[in-house]
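One structure below.
Just so it is clear, the structure is predicted and the values come from calculations on it, not from any experiment. Just so it is clear, the values below take in all heavy atoms, side chains as well, and ignore hydrogens, waters and symmetry mates.
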Amino acid sequence: MNKLEQLFAKTVKEQRSTIYTVCYMFSKDADEVNDLFQEVLVNLWKGFEGFEGRSDIRTWVYRVALNTCISLDRKKRRQATARLSMDINLFEDDDTDTRQVALLHKRISLLQPFDRAIVLLWLENLPYDEIGQIVGISAKNVGVRLYRIREQLKQGEK
């Protein structure tokens with residue numbers, strides 16, 4: 001393994017949970033999340049040598065992961081295929097907290113991909129300026145968008 005491959009492997013290991021979190025935000029199907037994860041890794045590798053370090057590596061990883069997931073989400077919506085289901089989920093938990101998390105995930109999944117990305121980064125407790133850096137808008141615009149997203153999510157409660 002050469003130096004670049006070693007550095008990439010180290011970066012992926014350190015950022016694995018970040019990548020997985022982004023992928024999970026765009027799908028709750030385990031197989032699809034794994035497919036998204038693999039696609040993000042491919043795109044990270046393609047751009048890794050060109051990463052100039054002008055931003056934090058975590059910011060760059062978020063941006064690549066979000067762009068990859070948003071692009072694939074758009075393709076998926078255009079194709080709109082029916083998925084086969086066994087009508088059973090052995091991993092499904094039925095307690096109140098799990099139901100609330102599932103409901104929140106469902107509401108968030110109805111948001112536009114860009115808004116989902118902002119919510120994800122906010123849920124990761126990133127500051128507005130870093131969120132803005134990742135998605136390419138100002139920190140003030142992040143605050144405005146989050147306010148509008150919250151209002152939109154509240155409308156889903158009614």
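Cluster annotation: Ile149 is connected to Trp122 through the hydrophobic network of ILVMFWY side chains, with a link wherever side-chain heavy atoms come within less than 4.5 Å. Follow the hydrophobic side-chain contacts under 4.5 Å out from Val64 and you never reach Ile134; the two are in separate clusters. In this structure, Leu120 is a member of the same hydrophobic cluster as Leu72, with clusters built from ILVMFWY side-chain heavy atoms closer than 4.5 Å. Clustering ILVMFWY residues whenever any of their side-chain heavy atoms sit less than 4.5 angstrom apart, transitively, puts Ile108 in a cluster other than the one holding Leu110. By the criterion of side-chain heavy atoms lying less than 4.5 angstrom apart, applied directly or through intervening Ile, Leu, Val, Met, Phe, Trp or Tyr residues, Leu123 is grouped together with Ile118 in one hydrophobic cluster.
Judged purely by atom type and a 3.5 angstrom limit, Glu32 has no side-chain atom pairing as donor or acceptor with the backbone of Asp29. Without hydrogens or angle criteria, Ser71 side chain to Asn67 main chain gives a donor-acceptor distance under 3.5 Å. Not one N or O on the side chain of Asn141 forms a donor-acceptor pair closer than 3.5 Å with the backbone of Ile137.
Within the 4.5 Å cutoff, side-chain heavy atoms of Tyr24 are placed close to those of His105. For the pair Leu66/Met25, no side-chain contact is recorded, criterion being any heavy-atom separation below 4.5 Å from C-beta on. Inter-residue side-chain proximity for Thr68 and Leu36 is flagged as unmet; no heavy-atom pair is nearer than 4.5 Å. Looking at heavy atoms from C-beta onward, Val40 lies out of side-chain contact with Val22 at the 4.5 angstrom threshold. You'll find the side chain of Tyr128 stays beyond 4.5 Å of the side chain of Ser138, heavy atoms only.
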How far apart are the C-alpha atoms of Leu44 and Ile19, what are their side-chain angles, what is the distance that settles it, and do they pass the side-chain contact (heavy atoms from CB on, under 4.5 Å) test? CA-CA 10 Å; Leu44 285 170; Ile19 299 166; 3.6 Å; yes
Under the side-chain contact (heavy atoms from CB on, under 4.5 Å) rule, what do Val135 and Arg145 come out as? Steps first, then yes or no, please. CA-CA 12 Å; Val135 298; Arg145 280 192 168 269; over 6 Å; no
Arg148 and Asp115: CA distance, side-chain angles, deciding distance, salt bridge (charged side-chain N to carboxylate O under 4.0 Å, His left out) verdict: CA-CA 10 Å; Arg148 289 180 183 159; Asp115 290 340; over 6 Å; no
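Under the 4.0 Å criterion applied to side-chain N and carboxylate O atoms, Glu151 and Lys154 are assigned as salt-bridge partners.
Atom OG1 in Thr21 sits 11.0 Å away from atom CZ in Arg16 (nearest 0.5 Å). In this structure, CG in Leu4 is found 5.5 Å from CD in Glu49, a value given to the nearest 0.5 Å. Separating the CD atom in Glu130 from the OG atom in Ser55 is a distance of 9.0 Å, to the nearest 0.5 Å.
More than 12 heavy atoms of other residues, nucleotides or ligands lie within 6.0 Å of CZ in Arg150, so this atom counts as buried by the packing criterion. In the displayed structure, Gln112 atom CD is contacted under 6.0 Å by at most 12 heavy atoms of other residues, nucleotides or ligands. More than 12 heavy atoms of other residues, nucleotides or ligands lie within 6.0 Å of CD in Gln6, so this atom counts as buried by the packing criterion.
Evaluation of the ring-ring contact (aromatic ring centres under 6.0 Å, His included) test over residues 45-74, restricted to residues two or more places apart or in two chains, returns Phe8-Trp45, Phe8-Phe48, Phe51-Trp60.
When all heavy atoms are compared, the tightest approach of Gln133 to Arg63 is O-NH1, 2.8 Å.
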